[in-house]
Amino acid sequence: NIFFSIADSTFTENIAVAEGGGAIFLAGQGSGSRIEASIFHRNAAIRGSGGALSVKKGASVHLDNVHAEKNLAQKNGAFLQGQFLLVRLL
């Protein structure tokens, strides 16, 4: 299990070519992240979902004061894609 915190960061023009999560891909029970005061700009999932963030298989994400702009995904969720996901946006 992995848990990490990110604060005051910018993710720009990252690309995922497989599953998704152009900037961040989280998967696995008990894995997760807390992201605060950060920007996701022009990230993309070329063949998948979650242009900026993809959260799957029991992982979690807590977003606080996050700005997303011009993220793209071929399938679902230009900014965020998740399976069985509970997201709290502040």
Evaluate the ring planes of F79 and F40, with Trp represented by its six-membered ring, and classify them as parallel (under 30°), tilted (30 to 60°) or perpendicular (over 60°).
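If you compare the ring of F79 with that of F40, the planes turn out perpendicular.
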
Is S33 reaching over with its side chain to a backbone N or O of F4, donor-acceptor style, under 3.5 angstrom?
yes

Short side-chain to backbone donor-acceptor contact, N71 and N43, under 3.5 Å:
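Yes, the answer is positive, given that a donor and an acceptor are paired below the 3.5 Å cut-off.
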
Test applied, side-chain contact (heavy atoms from CB on, under 4.5 Å); reference residue, E13; option that passes from R42, H41, K70
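Of all the options given, the one that passes is R42.
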
The residue among I24, V55, V66 that forms side-chain contact (heavy atoms from CB on, under 4.5 Å) with L80 is V55

Nearest atoms (heavy-atom pairs only) where [X] meets [Y]:
| X | Y | value |
| --- | --- | --- |
| S60 | L26 | O-CD1, 3.7 Å |
| G20 | A45 | CA-CB, 3.9 Å |
| G58 | Q29 | CA-OE1, 3.5 Å |
| A73 | G48 | CB-O, 3.8 Å |
| S38 | A7 | OG-C, 3.9 Å |
| R34 | F3 | N-CZ, 3.8 Å |

Which residues pass the side-chain contact (heavy atoms from CB on, under 4.5 Å) test with I15, sequence neighbours left out?
V17, I46

What distance separates [X] [atom1] from [Y] [atom2], expressed to the nearest 0.5 Å?
| X | Y | atom1 | atom2 | answer |
| --- | --- | --- | --- | --- |
| E36 | S9 | CD | OG | 10.5 Å |
| L53 | L63 | CG | CG | 6.5 Å |
| I39 | N65 | CD1 | CG | 9.0 Å |

Contact between Q81 and K56 at the side-chain level, heavy atoms closer than 4.5 Å - yes or no?
yes

